[in-house]
Amino acid sequence: MKRGWLSIAAVVLVMLSLSPLGAAEKIIKMSTTTSTENSGLLDVLLPELEKDTGIQVKVFAKGTGAAIRDGIDGNVDIIFVHAKAREEKFVADGYGTYRLGVMHNDFVILGPAADPAGIKGMKNAAEALKKIAEAKASFVSRGDDSGTHTKEQALWKASGIPFETTGTEIISKGKKKQLSFVYPGALGKWYLSIGQGMGKTLTYAEEKQAYTLADRGTYLNYKLGRAQSLDLEILCEGDPLLFNPYGIIPINPKKYPHVKFDLADQFAKWLVSPKVQAMIARYKIQGQQAFYPDAVLAAK
Amino acid sequence: MEFLFDSFFSALLLLWSIDPELVEIVTVSLKVSSSSTIIASAVGVPAGFLIAFREFPGKRLLITILNTLLALPTVVVGLLVYAFISRRGILGVLNLLYTQKAMIIGQVILIIPIITVFTISAISRIDERYRKTAMTLGANALQTAWVVIREARFAIVAAVIAAFGRVIAEVGISMMLGGNAKGFTRTMTTAMALEYDKGEFVLGVALGLVLLTVSFGLNIFFNYIQGRARV
């Protein structure tokens with residue numbers, strides 16, 4: 001019996017000693033989008049940041065909605081997302097200190113090589129979506145309130161096909177609130193809303209050989225950066241509507257005194273410095289430029 | 001506190017208005033979880049019975065392995081099944097991935113060990129004399145088995161309830177193999193994970209409360225069955 005207690009005590013001690021106690025000082029937390037993370041750019045930038053400034057960044061990759069939510073709740077020190085209108089509202093509401101435009105890439109409409117809806121080479125993204133809907137060809141939607149999903153909903157609206165708004169009523173701060181999202185009407189089995197991140201949506205669309213909207217960075221990584229290349233093709237690109245700007249926003253220390261604003265500020269300024277902007281421009285996936293720096297002129 | 005109140009009232013609102021989306025999600029959850037529980041029980045209860053009754057070399061090792069499998073992470077099951085049924089897998093032609101069938105396959109693998117292990121322990125706990133008495137009274141093997149199972153029925157039903165609780169509450173397999181497609185494979189847990197991803201915590205917790213309500217209803221039902229069996 002005595003031996004039993006001793007071994008239990010030993011196990012508990014080992015578990016305790018494994019728990020993380022004590023940490024280095026210069027660590028900030030950043031919430032970003034899955035597409036940023038999946039593009040692989042951070043894997044290049046963050047080690048360089050540590051070399052330059054000693055700052056380590058803990059990255060939490062989520063949908064844009066959740067990343068912004070992390071900022072609103074003061075869970076992180078900085079957010080790096082791509083949904084410009086919502087970012088500006090975030091700053092205007094006092095949660096963020098300022099927004100710096102860092103870079104942009106663009107969205108592309110992907111689909112199977114067989115292209116059952118016949119959209120290959122189309123320049124107008126909304127028209128392309130309309131053709132997919134009319135052909136009732138399978139389309140996989142992020143459906144997770146992310147930046148990509150926000151863009152997709154805007155494109156459906158622009159396509160002019162009848163869309164439906166579905167909503168769920170919840171109580172927020174004691175008041176009824178409607179949560180809604182838009183999807184093409186005459187809904188059949190062709191429209192799949194899966195509520196998952198970019199990488200997952202790509203593999204899902206590949207499995208189902210369906211159309212989907214993706215950011216180019218993640219697509220390139222899945223198409224060319226993996227041993228097993230993604231079995232989907234870019235069928236529509238280049239429409240200005242598909243433009244996708246990324247912004248970085250340090251959380252407001254007036255709202256949340258515990259955030260490490262100094263380090264976050266340093267990181268944001270570092271991102272828009274000419275040196276890093278050049279790094280972003282140089283970042284290539286299999287010879288293709290993935291991001292276009294936006295701040296070269298802004299940084300003096 | 002406000003957050004919890006909001007969630008609670010949102011849950012009431014969802015239930016009260018019989019939100020069609022919620023009904024769909026709950027239906028998918030119940031359909032998938034009960035299918036996998038029934039299939040796993042059909043395999044696990046007889047398997048547990050045989051293991052408990054037979055003496056064979058390696059029995060202890062087998063039981064240890066089964067006990068280990070109780071800690072089987074859902075992601076491991078998910079990955080394993082994924083590798084087989086994805087388009088590039090051996091069973092890719094069946095087009096199973098991201099269907100309810102795929103979720104059931106994964107969940108069955110997850111809970112067979114649970115049902116088997118608990119059945120073994122339920123049967124082992126039955127006094128040896130029941131079996132011997134039955135046999136001396138001239139019962140054949142099948143009749144003897146029936147006597148023992150009758151004695152162990154509460155524990156076996158408990159095993160099935162535990163297994164059902166495990167699958168209706170798990171999220172890994174449902175997400176990886178079901179894919180969380182709205183209206184097809186979205187379950188209560190994947191819907192909750194999604195609301196978390198979207199930053200809509202109130203709706204997430206509200207769904208959690210609905211899940212508990214549904215489980216509560218089911219357990220009242222099971223309780224009723226057990227109570228009747230006692231008479």
Side-chain angles (χ1 to χ4, degrees), chain A residues 31 33-34 60-73 75 86 112 138 140-146 149-150 166-181 183 187-189 191-197 200-201 203-210 228-229 231, chain B residues 1-17 19-22 24-25 82 85-89 92 95-99 102 174-187 190-207 209-210:
Chain A
S31 272
T33 65
T34 49
F60 305 98
K62 316 178 162 189
T64 295
I68 292 178
R69 178 66 192 236
D70 267 345
I72 290 175
D73 289 347
N75 293 335
R86 292 164 73 175
S138 299
V140 179
S141 165
R142 288 279 296 268
D144 61 350
D145 204 21
S146 60
H149 186 212
T150 309
T166 172
T168 305
E169 277 194 326
I170 61 161
I171 308 271
S172 171
K173 303 207 165 103
K175 277 185 224 140
K176 273 193 189 178
K177 184 178 139 196
Q178 185 87 15
L179 296 175
S180 57
F181 84 101
Y183 62 92
L187 192 74
K189 288 202 166 188
Y191 187 82
L192 296 158
S193 173
I194 66 166
Q196 299 198 50
K200 199 65 213 298
T201 303
T203 48
Y204 197 116
E206 180 192 31
E207 268 312 317
K208 294 280 178 201
Q209 286 293 293
Q228 212 155 32
S229 165
D231 192 10
Chain B
M1 262 338 268
E2 196 187 10
F3 167 65
L4 281 180
F5 278 125
D6 283 352
S7 304
F8 180 70
F9 287 116
S10 300
L12 284 186
L13 191 67
L14 281 173
L15 287 171
W16 178 249
S17 61
D19 186 78
E21 217 180 306
L22 179 74
E24 202 173 70
I25 291 172
Y82 189 104
I85 65 174
S86 97
R87 231 159 55 86
R88 286 170 172 141
N95 229 335
L96 277 173
L97 192 57
Y98 304 134
T99 61
S174 303
M175 193 61 106
M176 293 171 82
L177 301 178
N180 191 27
K182 185 171 175 298
F184 304 102
T185 55
R186 182 162 298 168
T187 65
T190 60
M192 266 183 265
L194 168 62
E195 295 310 330
Y196 166 72
D197 274 347
K198 281 166 41 178
E200 290 294 351
F201 299 159
V202 169
L203 190 54
V205 175
L207 280 169
L209 292 172
V210 172

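Residue numbering restarts at 1 for every chain, and letters A, B, ... go by the order of the sequence lines. Bear in mind that the values here come from a model prediction, so they are computed numbers and not experimental data.
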Visitor: Looking only at heavy atoms and a cut-off of under 4.5 Å, which of A:Gly63, A:Ser146, A:Gly195, A:Gly65 has the most pairs with chain B?
Guide: A:Gly195

Visitor: Any sub-3.5 Å donor-acceptor pair from A:Glu207's side-chain atoms to B:Ser86's backbone N or O?
Guide: no

Visitor: Side chain from CB out, backbone as N, CA, C, O: work out which of these in B:Tyr196 comes under 4.5 Å of a heavy atom of chain A, or both, or neither.
Guide: both

Visitor: Assess whether a salt bridge exists between A:Asp231 and B:Arg88, defined as any Lys/Arg side-chain N lying under 4.0 Å from an Asp/Glu carboxylate O.
Guide: no

Visitor: Check the surroundings of atom CZ in B:Phe8: do more than 12 heavy atoms from other residues, nucleotides or ligands lie under 6.0 Å from it?
Guide: no

Visitor: Just how far is it from atom OH of B:Tyr98 to atom CD1 of A:Ile194, taken to the nearest 0.5 Å?
Guide: 7.0 Å

Visitor: Under 4.5 Å heavy-atom distance to chain A, tell me which part of B:Met175 shows up: side chain, backbone, both or neither.
Guide: both

Visitor: Look up atom CZ in B:Arg87 and atom CD in A:Gln209, then write down how far apart they are to the nearest 0.5 Å.
Guide: 4.0 Å

Visitor: Supply the atom-to-atom distance A:Gln196 CD to B:Asn180 CG, rounded to the nearest 0.5 angstrom.
Guide: 5.5 Å

Visitor: Name the region of A:Glu206, side chain, backbone, both or neither, that has any atom closer than 4.5 Å to a heavy atom of chain B.
Guide: both

Visitor: Chain A: which of B:Asp19, B:Thr190, B:Leu22 shares the most heavy-atom pairs with it under 4.5 Å?
Guide: B:Asp19

Visitor: Verify the distance criterion only: is there a donor paired with an acceptor across the side chains of B:Lys182 and A:Tyr191 at less than 3.5 Å?
Guide: no

Visitor: Relative to chain B, which segment of A:Asp73 carries a heavy atom at a distance below 4.5 Å: side chain, backbone, both, or neither?
Guide: side chain

Visitor: Which heavy atom of A:Leu192 sits nearest a heavy atom of B:Ala181, and at what distance?
Guide: CD2-CB, 4.2 Å

